[in-house]
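This is a predicted model, so every value here is computed, not measured. We count ligands from 1, going down the list as the structure has it; atoms in each ligand are counted the same way.
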Amino acid sequence: MSATLIDGKARAAALRAEVAIGVAAFVAAHGRAPGLTVVLVGDDAASAVYVGAKGKACREVGIISGEHRLPADAAQADLLALVAQLNADDAVDGILVQLPLPRHIDADKVIAAIDAAKDVDGFTPINAGKLAIGQPALVPCTPSGCMRLIRDALGDISGAQALVIGRSSIVGKPMAALLTAASATVTIAHSRTRDLAGHVARADIVVAAVGVPGMVKGEWIKPGACVIDVGINRIALADGKTRLVGDVDFDGALARAGWITPVPGGVGPMTIACLLANTLEAARARATT
Ligand code: NAD
């Protein structure tokens with residue numbers, strides 16, 4: 001048996017096309033396009049690449065993309081003042097403060113200052129709390145993308161055993177909340193978990209979000225399981241080149257799983273597509289309140 005590959009690139013393209021149609025309808029109804037503003041502090045090269053990719057993706061679906069760059073030594077007060085200014089700006093529907101922030105800035109404080117109605121990353125305590133208690137919320141993009149892939153592959157997952165490996169606030173915890181809301185029976189594994197192999201062997205759905213290349217072994221996977229690999233790890237090859245791999249031993253898992261996401265081309269492309277969907281959702285909600 002060989003697993004069906006989940007094509008995140010194609011699914012993300014379909015979602016972006018859906019968003020583009022929704023954006024056109026929003027413009028027709030409200031006479032303006034939704035706006036997403038990204039704030040980048042410092043000159044982290046990877047962050048600059050992400051921010052550039054987000055701007056391009058916005059423009060492709062008709063969302064107005066704004067960008068503010070602050071120097072690496074910017075004062076926290078200046079960043080908070082910028083967030084307050086964007087909160088008050090009616091043309092801005094989504095605010096995204098690119099993480100990580102420089103060490104002298106309290107990221108929790110900055111995130112909490114974002115108007116929850118514009119929190120398209122879903123990271124504010126208000127949106128995280130709403131998700132945790134099952135109220136409608138702006139949901140973090142990566143777990144939201146994983147959930148769409150899982151639903152496409154499996155349909156109804158009520159009663160399924162789901163294992164989320166990783167308990168971060170941006171992936172693991174919201175992922176577990178979404179799976180719970182979909183009536184799966186959810187286990188969260190983390191760095192102190194005993195017998196990870198045993199947990200994986202019982203899971204119909206495995207979501208790996210750890211950041212350790214190939215840590216989930218193929219032989220642990222329950223035959224037919226749906227495997228969602230969030231990990232993005234760059235490893236060095238013998239020839240001096242590098243390659244991106246996930247947290248799952250892909251070749252081993254391919255032989256046992258029912259469905260599996262590749263890295264790259266699985267979860268990754270869904271994240272930006274879900275950001276666009278969240279921006280449209282925020283714009284719609286703000287336009288009706
Ligand atoms: P994180 O470092 O915040 O969290 C990692 C989690 O793994 C922690 O909760 C920790 O308890 C758990 N963990 C560590 N060792 C473990 C072990 N031996 N067994 C079980 N659990 C263990 O990371 P994160 O921000 O949640 O990201 C996780 C991975 O997902 C990273 O590779 C990151 O690059 C990737 N990521 C991808 C996307 C995407 O768009 N595809 C988005 C976000 C993160």
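- Protein heavy atom closest to atom 10 (C) of ligand 1, with residue, atom name and distance, is Ser191 N, 4.0 Å.
- Those atoms of ligand 1 with a heavy atom of Ile165 less than 4.0 angstrom away are 20 (C), 21 (N).
- Assignment of Thr193 to the shell around ligand 1 is not supported, since no heavy atom sits closer than 4.0 Å.
- Heavy-atom separations between Met215 and ligand 1 include at least one value shorter than 4.0 Å.
- Applying the 4.0 Å criterion to heavy atoms of Asn233 picks out, from ligand 1, the atoms 32 (O).
- Of the protein's non-hydrogen atoms, Thr271 OG1, 2.8 Å is the one closest to atom 40 (O) of ligand 1.
- Val210 CG1, 3.6 Å is the protein heavy atom nearest to atom 14 (C) of ligand 1.
- Side-chain contact check for Gln161 and Lys222: no donor-acceptor pair (N or O, by modelled atom type) lies under 3.5 Å.
- Counting only heavy atoms of the protein, atom 31 (C) of ligand 1 lies nearest to Gly211 CA, 3.8 Å.
- Taking 4.0 Å as the cut-off between side-chain N and carboxylate O, Asp93 and Arg286 count as a salt-bridged pair.
- Residue Val267 approaches ligand 1 through these ligand atoms, each under 4.0 Å from one of its heavy atoms: 41 (N).
- For atom 8 (C) of ligand 1, the closest heavy atom belonging to the protein is Arg167 N, 3.9 Å.
- Nearest heavy atom pair, residue Ile228 against residue Cys146, reads CG2-SG, 3.7 Å.
- Shown here for Ala33 and Val27, the closest heavy-atom pair between the two residues is CA-CG2, 3.7 Å.
- The contact set between ligand 1 and Ile170, taken as ligand atoms under 4.0 Å from a residue heavy atom, comprises 25 (O).
- Not one N or O of Asp247 is nearer than 3.5 Å to an N or O of ligand 1, by distance alone.
- Among protein heavy atoms, atom 34 (O) of ligand 1 sits closest to Ile232 O, 3.6 Å.
- The shortest heavy-atom contact between Lys130 and Ala137 is CB-CB, 3.7 Å.
- Ligand 1 lies nowhere less than 4.0 angstrom from a heavy atom belonging to Gly172.
- Of all protein heavy atoms, the one lying nearest to atom 4 (O) of ligand 1 is Ser168 CB, 3.9 Å.
- Side chains of Val206 and Asp229 form no contact here, defined as non-hydrogen atoms less than 4.5 Å apart.
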Derivation and outcome, salt bridge (charged side-chain N to carboxylate O under 4.0 Å, His left out), residues Arg16 and Glu18 | CA-CA 5 Å; Arg16 289 199 310 267; Glu18 252 176 65; over 6 Å; no

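- Note that NZ of Lys109 and CG of Leu101 are 13.5 Å apart. Values are rounded to the nearest 0.5 Å.
- Heavy atoms from both the backbone and the side chain of Val230 come within less than 4.0 Å of ligand 1.
- The minimum heavy-atom distance linking Pro140 with Leu131 is given by the pair CD-CD2, 4.3 Å.
- In terms of protein heavy-atom proximity, atom 21 (N) of ligand 1 is closest to His190 C, 3.1 Å.
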